[in-house]
S.K.: 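Below are the structure tokens for one structure; questions will follow.
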Amino acid sequence: MNDLTPTREQRTAALEGMGCKRKRVEDIRFTQGKGNYVDDVKLPGMLHGDFVRSPHPHARVKKIDDTEALKVPGVLAVITAETLKTVNLAWMPTLAGDVQMVLADGKVLFQNQEVAFVVATDRYAADDGINKVVVEYEPLPPLVDPFKSMDANAPVLREDLAGKTTGAHGPRKHHNHIFEWTVGDKDLTDAAFRKAEVSIKEMISYHRTHPSPLETCQCVCSFDKIKGELTIYGTFQAPHVIRTVVSLIAKLPEQKIHVIAPDIGGGFGNKVGAYPGYICAAVASIVTGKPVKWVEDRIENLTATSFARDYHMTTEIAATKDGKVTGLRVHVLADHGAFDACADPSKWPAGFFNIVTGSYDFPTAHLAVDGVYTNKAPGGVAYRCSFRVTEAAYCIERAMDILAQKLNMDPAELRLKNFIKPEQFPYHSALGWEYDSGDYHTAMRKMMETTGYAALRKEQAEKRAAFARGETREIMGLGVSFFTEIVGAGPSKNCDILGIAMFDSCEIRMHPTGAGIARMGTKSQGQGHETTWAQIIATEIGIPADNIMVEEGNTDTAPYGLGTYGSRSTPVAGAAIAMAARKIKAKAQMIAAYKLEVHEDDLEFDIDGFRVKGLPEKFMSMKDICWAAYNSVPPGMEPGLEAVSYYDPPNMTYPFGAYLCVMDIDVDTGVYKVRRFYALDDCGTRINPMIIEGQVHGGLTEAFAIAMGQEIRYDDTGNVVTGSFMDFFMPTAVETPHWETDFTVTPSPHHPIGAKGVGESPNVGGVPAFSNAVNDAFSFLGSKHIQMPHDYWRNWKAAKALGAIA
Amino acid sequence: MIPGSFSYHRPASVADAVKLLSDLGEDARPLAGGHSLVPMMKLRLASPAHLVDLHGITGLKGISRNGNNLVIGAMTTQHDLLASEDVAKSVPILHEAALLIADPQVRYRGTIGGNVANGDPGNDMPALMMTLGASYRLEGASGARDVAAADFYQGAYFTALEPGEILTSVSVPVPAAGHGYAYEKLKRKVGDYATAAAAVVLTMSGGKVATCAIGLTNVHETPLLAADAATAVVGTSLDPATLKKAAAAAEAIMAPAADARGPVEYRKHVGGIMVTRALQRAAANAK
Ligand SMILES: Cc1cc2nc3c(=O)[nH]c(=O)nc-3n(C[C@H](O)[C@H](O)[C@H](O)COP(=O)(O)OP(=O)(O)OC[C@H]3O[C@@H](n4cnc5c(N)ncnc54)[C@H](O)[C@@H]3O)c2cc1C
């Protein structure tokens, strides 16, 4: 060996594998404005479609007159429900087992509902056209308040369901009822409450909000009449699922549908399901024989495509006097709007809300969820969360604080007392999940030590005294949040979408020169898959990440997968990648053994190649093995170096974290300042710490927005009043607090590389931290629970209600 | 979010612009920075058939002195105001308020003329101009006239501008040396209009308020001068009781609309607080 021989450290570093803060390869094009988004797709002869939308939240559609619209220069067609009926597409199935109108069929059920689709030669003509379509409505009484939806005299919203006493998830109790879902042992839980020394009960609402990705939903559909093939470019988080859905509802052979998701400007759950725009653009292309583009504007995105949350959670905890929890009882009223358009796995009408026992060792629990219809936009999707996990985390984390207040205990101390202990993993929760791994006490204590929690509490006590003396008008709150997520849907035994098991996939092809391409069934929307997927492969097979090209989003070339949402990409596709890589490695080992003339078992993998055990100079690099795979494989072996893996995870993964928010609020104006925010995340094995940090920053910013003001609000008559970024709170860099990030590492025992997923943790854990901080600030004035969002005027209202303002 | 069709004109002189506007009538609108007008057009809340772009008229831009007045051409952008040393030195409240308008992108395009002529109670410059005792030069087919800012605003989007008239400049009397000033604006985020805002310009003498003017933004369908509140503080040292009286007097003339910024009661309440805080800060920085 001479001086130029790289050290082991240098060889490992050259791979830029797992654990490396590798720079995002996709940013080279994004930062130069060279991304390729759907709106960049311009096909020859392409037409543009735009919607006539309902100004009414609830009305009968008496007549649609398109005479004047068709006279607008450039307008070619006006598609209505009647047109769609000729191809059986006036309604479409939702992923939640409901059906949804594509275009208003006889009535409209929410403001801005799609009524007609105007197709024109350009976007301007289409917009002029929609302004000339005359729709005659007969307004009906709107149903806005979900708590009134099951009143005896509540208006009938879904006339199409008349007489249907059973829905996709069992019996319906009322004409506006969608489903009831119950989990847990009711008798045991009721008994725990009867015996409880202490109990709390609170209706905790998680208001309606919206994922609002920067790039709105959009598509270009192009039907080739000669070949009978439909190509769809779209902002799809799950392109394969879209292909299957289109095949099933449009009755087109699946091999003749090409779905391409190019670069996506954020999804956050908004781009999982199918929207009327996709169907209308496809039908318009079939009708006109031309490609048709549909691009939502911001108002349409906020008011018509899927919202999130809108869960109203009546929560009770039973406990002993010294703060040991003995039972949890939750009833949820879930407002789904006009159609149940959740994008949950089929058997889970309320997603994985039964993770609501959180990080605590509840001996028993019971949960019931009632889904109802209202005259609002349909949904609700998982906004950067794994199927209602965000709602569940908010519910339990608020409730634990309320219990702590009642017991006069410190909220951190109460949590430490009730955490599932490290030795209890794998842990079976009272509501049916098997938590894979965790060390909650260590994470919580690290948070408390790093932030100086005890000193902050002392400062708070002093500030409260000063407030009482009239020396300050500022109050201080500490928001503790300790969340456990359930991500990585999911095992085929309990997760499917439209009957397709929620596996994911990876195909790796190594080329002769030691480079390769890898394709997955997932689809990045900003998560950085092109960077991190290559890092997993780099470490697994010893080829530099830079030599691996990652490609997603084209259903013709990528293996079938269920897409990217619910933090499932790393837990499921990440596992498939490791498994496919290991198949490559196993074949590589056989080739190396043949070339080095030893038995396979005499070889050991060493960073970037195979070495003969005990003979360090006998080494064959992966690069050389790739070459050999194409010219001198062992007799009887097929040439080439490729592998495919379809991974059906044995279990979900359970990331967790400990967050703390320190907030100051001026009671006179309600203006708050986030003084400090600390986020410790444990996502198991960390693939790229820089990307994790970026994900945490982004998710915390969303959590901050949601907790502190971001909402989709309807007035009493059903008008949506938050239809633009002026009123829908989208924080800029100026409002966004500074984030401190930290971590512990508790690998998942069942995942091939021990990774758990992190993309959604900060949204899940962040919201309760902010809300608990506000609630904690006001608690000494006698407040028990203040609903989100905590924007300025609502903080003022709380202060006023508590008598803090003269 | 796509405007209706319109034709575009770019006159080179005030006279040509005025002529175009009078010839084209009601369907024509002057276009300045476009940061109030174009969003309205995209929502089709405004559908002018003709836009008369004022960017081609060179004489409309710039800041100059006329005696004790600062004369600001209508097409001077908010960014130009911020870049002007004269503004920062002689009318610092104008600098302070301009910095609270939207974000740099909007300020590069948005003009002072458009801001004051728009008639939106949410705009920050109108109440400030009233507080400073500014006047606007309006030019139309029948010549030029000067209208005091205090007389200009008649209702939401209704102003003293006659059809065919253009606002060509804003004239701001430079406040007395050593004056105190503050523009207190409560907003939810960058780019938001005020939940409530108050402008205060005052002079102090022997620890007491000698003169004072108070303007209010976005708490009524027009910008307001809070004359009673200003009277209440003159001759006082801004003791707590006086501040309370001033806030109450200001709140008494507020009539904001309830919106996503908060209910009426809140907007009035914080309007009073903005007055209090602006008075205190102005008194503190007066010399
Ligand atoms: C996101 C955003 C946030 C904003 N926030 C604020 C804020 O916080 N505070 C604030 O004050 N403003 C705010 N604005 C508005 C901004 O300051 C505008 O630029 C300003 O209101 C209008 O100026 P303009 O030059 O863009 O006028 P334009 O939009 O071009 O015109 C506005 C109106 O005035 C008329 N007009 C324009 N110039 C003349 C003239 N010389 N003579 C006669 N009529 C004329 C036009 O016909 C039109 O009716 C915001 C704008 C945006 C887009």
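Below, chain A is the first sequence line, B the second, and so on; all start at residue 1.
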S.K.: Tell me, for A/Lys797 versus chain B, whether the close heavy atoms (under 4.5 Å) come from the side chain, the backbone, both or neither.
M.R.: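 When you check distances to chain B, no heavy atom of A/Lys797 falls under 4.5 Å.
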
S.K.: Counting only heavy atoms from other residues, nucleotides and ligands, does the tally under 6.0 Å from CZ of A/Phe467 exceed 12?
M.R.: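 Buried by this count: over 12 neighbours within 6.0 Å.
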
S.K.: Need one label for A/Arg713: side chain, backbone, both or neither, based on atoms under 4.5 Å from any heavy atom in chain B.
M.R.: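 A/Arg713 touches chain B through side-chain heavy atoms alone.
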
S.K.: Rounded to the nearest 0.5 Å, what separation is found between the CG atom of A/Asp666 and the CD1 atom of B/Ile273?
M.R.: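 Interatomic distance, A/Asp666 CG to B/Ile273 CD1, rounded to 0.5 Å: 6.5 Å.
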
S.K.: Which pair of heavy atoms, one from B/Ala260 and one from A/Asp727, lies closest together, and at what distance?
M.R.: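 Minimum heavy-atom contact is CB-OD1, 3.5 Å.
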
S.K.: Under 4.5 Å, heavy atom to heavy atom, which residues of residues 103-128 of chain B contact chain A?
M.R.: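 No residue falls under the 4.5 Å cut-off.
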
S.K.: What residues form a side-chain contact (heavy atoms from CB on, under 4.5 Å) with B/Ala229, not counting sequence neighbours?
M.R.: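 For B/Ala229 the side-chain contact (heavy atoms from CB on, under 4.5 Å) partners, ignoring immediate neighbours, are B/Ile214, B/Ala226, B/Ala246, B/Ala249, B/Ala250.
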
S.K.: For A/Asp50, is it the side chain, the backbone, both, or neither that has a heavy atom closer than 4.5 Å to a heavy atom of chain B?
M.R.: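 No part of it gets close to chain B.
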
S.K.: For the CG atom on B/Asp239, are there more than 12 heavy atoms of other groups (residues, nucleotides or ligands in this structure) within a distance under 6.0 Å?
M.R.: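 Counting neighbours around CG of B/Asp239, more than 12 heavy atoms of other residues, nucleotides or ligands fall under 6.0 Å, so yes.
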
S.K.: At a heavy-atom separation under 4.5 Å, does A/Met708 approach chain B through its side chain, its backbone, both, or neither?
M.R.: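 Contact with chain B involves no heavy atom of A/Met708 at all.
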
S.K.: Would you indicate whether A/Glu471, at its atom CD, is surrounded by more than 12 heavy atoms from other residues, nucleotides or ligands within a distance under 6.0 Å?
M.R.: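 Yes, CD of A/Glu471 has more than 12 neighbouring heavy atoms, counting only those of other groups under 6.0 Å.
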
S.K.: Is any side-chain heavy atom of B/Arg44 closer than 4.5 Å to a side-chain heavy atom of A/Asp127?
M.R.: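 Yes, at least one pair of side-chain atoms sits under 4.5 Å.
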
S.K.: Counting only heavy atoms not in B/Leu99, do more than 12 sit closer than 6.0 Å to its CG atom?
M.R.: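 Enclosed.
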
S.K.: For residues 184-192 of chain B, give me every residue with a non-hydrogen atom less than 4.5 Å from any non-hydrogen atom of chain A.
M.R.: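 Counting heavy atoms that sit under 4.5 Å from chain A, the residues of residues 184-192 of chain B involved are B/Leu186, B/Lys187, B/Arg188, B/Lys189, B/Val190, B/Gly191, B/Asp192.
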
S.K.: How far apart are the C-alpha atoms of B/His269 and A/Lys800, what are their side-chain angles, what is the distance that settles it, and do they pass the side chain to side chain contact (heavy atoms under 4.5 Å, CB included) test?
M.R.: CA-CA 11 Å; B/His269 173 78; A/Lys800 197 170 157 64; over 6 Å; no

S.K.: Could you tell me whether the side chain of A/Tyr792 reaches within less than 4.5 Å of the side chain of B/Arg261, counting heavy atoms only?
M.R.: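 SC-SC contact between B/Arg261 and A/Tyr792 ruled out.
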
S.K.: Of all the heavy-atom pairs spanning B/Pro263 and A/Trp796, show the shortest one and how long it is.
M.R.: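 So the two residues come closest at CG-CZ3, 4.5 Å.
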
S.K.: What heavy-atom pair brings A/Thr669 and B/Tyr266 nearest, and what distance separates the two atoms?
M.R.: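 The pair with the smallest heavy-atom distance is O-OH, 2.6 Å.
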
S.K.: Which members of residues 295-305 of chain A, sorted by number, sit under 4.5 angstrom from chain B on a heavy-atom basis?
M.R.: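 From residues 295-305 of chain A, the residues near chain B are A/Asp297, A/Ile299.
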
